[in-house]
Every structure is written in C-alpha cells, then in structure tokens.
Amino acid sequence: MYNIRFVEEHIEELKEVSEKKGLSLDFQGFRKLNKERKSLKGEVDEFRREKNKKGQKVGELKREGKDASSLLSELEDLKKGVTKKEKELKEIQKKVNDFISWIPNRVHPSVNSEPTVIKEPTGIKKFSFTPIDHINLGKSLGILDFQLASTVAGSHFALYKGKGAILERALINFMLDLHTKRHGYTEIFPPFLVNEYSMFTTGQLPKMRDDMYITKRDGLFLNPTAEVPLTNILANKILEKEEIPIKYCAYSACFRREAGSYGKETKGLLRIHQFNKVELVNFVHPEESYNTLEHLLKEALVVIELLDLPHRVIQLSINELSFASAKTYDIEVYAPGVDKWLEVSSISNFEDFQARRAGIRIKEKGGTIHIHTLNASGVATPRLLVSLMENYQTDKGEIIIPDPLIPYTDFEKIG
RNA sequence: GGAGAGAUGGCCGAGUGGUCGAAGGCAACCGAUUGCUAAUCGGUUGAGGGGUAAAAAGCCCCUCCCAGGGUUCGAAUCCCUGUCUCUCCGCCA
C-alpha cells in the first residue's frame, strides 16, 4: 500500500490514474482528512509527552517516598481530556488508510489509451465446412455436460466427462511439465482457500470483493487465481539479492462469482464460476521487471504455439488495466465455432505494488527495497479447450488431439 | 477438538513493572591499519508519523517488542481474547 507521504506528494498523479482505471476517489476529501489528522496528531502527541513526563516524575517521587497525589490527579484530568481525541485520531487514521487502500497502481508510460495489437492474428484455419461450437460438439461427443453441472452446483458451472475430463487433465499436466521442465519453474500446489490479507496484498481487495466467494464460517476466500497464494508465499520476507529471480508456477482451480457479467459471452465454457488455470509468478529485481514481462509473454505463448492454435496478443489500454497492474498483455485465441477471440492469458507487471502491500523486499545497499512481482496465466483451460475443440474438429464431428497432448491423453481423437 | 510452550530489530538472542526502541553476538556500512579477496581496531546502522526548516541536513517529540483489548501514574514485561508456530492427546481423510 502507498505510504501516506507518497500519496500526499502525488495527489494529482494518483487522481488521474484512478480516474483512468475507472475509480472515482475523493482526493479532495482525503486532503481535508489528512489535514485534520495532522493537527490531531500534534495535539495527541503533545498530551502524551506531558503524560510521559509527569508519569516519570511520579515514579521518582514515589521512590523517594514523597507524596505524588497532586501529580496523580493532574494526570487523571489530562487523561480524561484526551481519550476522546485519541479515539478520533484512530478513526481518522483508519479512514485515511481505507482511502489509500483504494488507490490503484500507477501505469507504465508505454501504456496507451487504446488497446494495441502486439502480435497480429496468427494461424487462423480454413474450414471446408461450417465449424460447430464447443457446446454442441461437447454434447454430441458426451464430454461436456452443463446440465449435470447445474444440477450439482448451479448455472455457469462446467462438468467434464470421460475423454473430456481426461483432456482437461492432460492440458493441465502438459502445461505444468512445460513450465517446470523447459522454463525452470518451481511447481507449487497451493491452498485454494486464502485469507483476507492475501487477497488484499495482491490487490483483489478491496475492489473486487463482490466477485469473490467467501466461506461464511471461517471468512476464507476461494482463490480467484493462483496468483494470490503464489505471491503471498513470500509475504513479509526479506530476501537476499542472490535469491531472486524466483519463479513459481502452480495449477489451481479458480473461483469467481462473475458478478454483473451475465449476458456477455457467458455461453458454455466462456465464462464460468470455477475453472482451471496454470499460473506463473515471478519475483524479480525492479530493474529487471520489464524484461521479465516480455519473457513471460513468450513463455505463455509457447503453450499456444505448441498446440498450434490461432491467436493474437493485445496490449491493454489504461482503462482495461486491473487495479494492481502497471502494464498487461493479453493472449487471445480464436474459436471458429463461436466465432470469437477468447482471452486465455493475462501477463502483467505489478511493479512494486503488490510487494509493497505484502512487504516483500530484498536487501540493497543501505537498506531494503521492494521487489517487483509479475504474473502470467500459463494458461487458463476453459477457453483454451474451447479453441482446441473448435479448431481441431473434423467434418465428422470428431476432435483430433494435437500431437503434444497425445502422451497425456493416451488417445488420438475423441469421437 | 483438548492440554502445554512460544512469537522481541536484517538474523540469532537477552530482557518479568519505570531511566528499554530495547544488552550481547552476527551481518551490513564507513574509517583506520596490516605488502596482497583475509585478520585487527574504531565508529555507524530499525520503521512509521508529527513539529521546526524554502528544501535537505539537523534538532525536538509521538508511536511501534505477533494483533486487539484490559490493569497501572507507568507494560516488551502482568491479565483477557485472537492469529500463527512447536510438543502431547483425541478425531479424521
């Protein structure tokens, strides 16, 4: 979280970025509040000084066996007069902190006000027939069953069956192997439930609260992405310079309420409450983070390229950037059945925004500095599966398994 | 779930009511010295906030010894609650 002094000194800049990220925060109110805070702080400090001094004197008197009763009554009055102010100060301080917690990360200068195509559409396939969408495909092949999913859980859940379930599992294993064996990641199998603090440090809270599943009894959050547990592994750690970069990857189920998103692109697997994702998180030196961002994009792209799926890369515009991100690329795959570009990976540099909230630092000359964190989906399966099913379908309604996946599925086609 | 032990600065670790923001060690930094990347000696080194100052330095002050309450003129030290770690018992994948 931003330091209050920093906010004070960068009000205009922070206000601008907040607005661009779609948050209208009351910086004017903050100014006023902060002014109050300062004067109140002065008053309270002055009282405490007085109190400390007199309290010490009481000690001295008592040790000498002298009478301290007049001092004691003075102290009592002093205390009475100021408890209210102390309470006020506490309240203001809390308000100030709450306000600051809502200020989003700043944005890298290379981010535009419009989305930018980084990689033009590549590998679009020609069909000699009209491709069917994954919903009908999945139904006729008996590998996807949304009906059953809603019986068990509710709408906008998915249920994979038979070879569909195996294919899903194959994708996850394929990606994990790729990143651990080829890209040098340490694999983590994290808790899927995380505490409120973890959700705060990565920047999901306070903004995205309505989009979270929360367990009633224990107040735990179902993680919306493995980014949350992975990043928090190092929370409040001070690392040696030689320990970074650190590269963690993990599979996790991801849970999102998707509040308010009904109606748009919600068919079939396009937007569901629970999905699978392999996530990559890097912890790097601040000077390295933008090189790492490019590198992460490449690592995520390898998945798509090995599966030979049509795709493109977009650099997000300012207003599309998430709360915590300074710069983000999206990888989108094309799905000919639904005729849509689908986001399967988001690659972001958070700079020191998350590290600041989580207290992740390295030792540098003369003290410690916050490191930079980045993450990339590597990648999310539902839309990947959609693109795979729809691109690898035959005119007979079968699905051919791409070569790299066959060792994982043990079958070459479905249908 | 029950019983007990613990949580102190970058790290280790002392400290059971005042003069403790905290001994000591290590590490780091600065300097000195030694004919060589080591040794020795001296010094410095936590964070946040308020004030003063054009700003920086400096100076003054407040807060922070897991978190939140409480007792007390005064709490790192005593009491309560919570979190986490460790040990034992129970229960259970």
Side-chain angles (χ1 to χ4, degrees), chain A residues 1-11 30-101 103 189-201 205 214-215 217-221 229 232-244 246 283 285 352 355-371:
Chain A
M1 195 161 94
Y2 292 111
N3 173 296
I4 185 161
R5 280 247 187 98
F6 180 88
V7 176
E8 234 182 325
E9 287 160 14
H10 295 80
I11 284 190
F30 165 77
R31 266 204 183 98
K32 219 178 113 195
L33 213 59
N34 194 34
K35 219 170 162 185
E36 263 178 73
R37 185 194 120 251
K38 282 187 181 182
S39 81
L40 211 53
K41 165 88 169 139
E43 286 180 53
V44 169
D45 277 1
E46 180 53 31
F47 150 74
R48 283 179 177 153
R49 195 177 64 83
E50 199 66 23
K51 193 189 91 172
N52 290 343
K53 234 171 48 189
K54 291 200 167 138
Q56 248 169 28
K57 215 166 267 169
V58 170
E60 283 166 31
L61 288 176
K62 282 198 170 170
R63 230 167 301 130
E64 292 165 16
K66 289 178 184 161
D67 173 46
S69 53
S70 76
L71 260 181
L72 285 180
S73 69
E74 267 182 62
L75 270 167
E76 207 159 311
D77 292 345
L78 217 57
K79 223 203 234 174
K80 264 186 212 148
V82 93
T83 28
K84 202 180 135 216
K85 289 226 182 296
E86 281 185 320
K87 217 183 219 167
E88 265 176 63
L89 179 63
K90 223 175 188 178
E91 272 163 30
I92 285 190
Q93 232 136 22
K94 189 180 176 314
K95 275 187 201 164
V96 166
N97 285 339
D98 283 350
F99 176 81
I100 294 175
S101 76
I103 303 175
F189 202 117
F192 289 180
L193 271 69
V194 298
N195 58 36
E196 182 158 8
Y197 177 74
S198 295
M199 291 292 271
F200 173 79
T201 61
L205 291 178
I214 308 176
T215 67
R217 198 181 170 104
D218 299 295
L220 290 168
F221 291 71
N232 278 285
I233 287 174
L234 296 181
N236 296 307
K237 289 246 174 6
I238 296 170
L239 305 164
E240 300 294 336
K241 236 176 152 177
E242 305 77 51
E243 290 180 78
I244 58 168
I246 292 173
F283 303 85
H285 193 279
D352 68 0
R356 201 169 275 286
R357 290 182 164 222
I360 310 173
R361 293 173 288 169
I362 51 164
K363 290 183 193 172
E364 279 272 319
K365 257 193 183 167
T368 60
I369 57 164
H370 291 101
I371 56 149

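Lettering follows sequence order; numbering is per chain, from 1. Given the structure is predicted, the values throughout are model-derived calculations rather than measurements.
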N or O in side chain of [X] less than 4.0 angstrom from [N] OP1/OP2:
X	N	result
Arg5(A)	G50(B)	yes
Asn52(A)	U63(B)	yes
Arg37(A)	G50(B)	yes

With a non-hydrogen cut-off below 4.0 angstrom, is [X] in contact with a base, only sugar-phosphate, or nothing?
X	answer
Lys90(A)	sugar-phosphate
Lys57(A)	nothing
Leu71(A)	nothing

In whole Å, measure the gap between the [atom1] atoms of [N] and [M] for me.
N	M	atom1	answer
A67(B)	G25(B)	C1'	30 Å
A32(B)	A23(B)	P	28 Å
G6(B)	C79(B)	P	11 Å
U81(B)	G4(B)	P	11 Å
C86(B)	C78(B)	C1'	25 Å

Query raised in the report: Hey, does the side-chain of Asp45(A) have a donor or acceptor N/O within less than 3.5 Å of a partner on the base of G49(B)?
Result: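 Such a pair exists between side chain and base.
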Query raised in the report: Counting side-chain heavy atoms from CB outward, which of C73(B), U63(B), G10(B) is closest to Leu75(A)?
Result: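 From the listed options, C73(B) comes nearest.
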**Report entry** Shortest side-chain distance from Lys41(A), nucleotide among C73(B), G51(B), C62(B)
**Finding:**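 Of all the options, the side chain of Lys41(A) is nearest to C62(B).
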**Report entry** Contact state string [nucleotides 76-83 of chain B, B base, S sugar-phosphate only, - no protein heavy atom under 4.0 Å]
**Finding:** --------
**Report entry** Non-neighbouring partners of Glu196(A) that pass salt bridge (charged side-chain N to carboxylate O under 4.0 Å, His left out), sequence neighbours left out
**Finding:**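 Glu196(A) satisfies salt bridge (charged side-chain N to carboxylate O under 4.0 Å, His left out) with Arg209(A) only.
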Query raised in the report: Could you give the OH-to-P distance, from Tyr2(A) to G49(B), as a whole number of Å?
Result: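 That distance rounds to 16 Å.
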Requested in this report: Mind calculating the distance between CD (Glu86(A)) and P (G70(B)) to the nearest angstrom?
Outcome: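 Rounding to the nearest Å, CD of Glu86(A) and P of G70(B) are 11 Å apart.
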Query raised in the report: If you measure only the distance, is there a donor-acceptor pair under 3.5 Å linking the side chains of Arg49(A) and Asn52(A)?
Result: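 The criterion, which ignores hydrogens and geometry beyond distance, is not satisfied for Asn52(A) and Arg49(A).
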Query raised in the report: To the nearest 0.5 Å, how far apart are CZ in Arg361(A) and CD1 in Ile371(A)?
Result: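 Those atoms lie 11.5 Å apart.
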Query raised in the report: Hey, which of these two, Lys79(A) or Gly42(A), hits RNA chain B nearer its 5' end, going by closest nucleotide?
Result: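 First, find each residue's nearest nucleotide; the 5'-ward one identifies Gly42(A).
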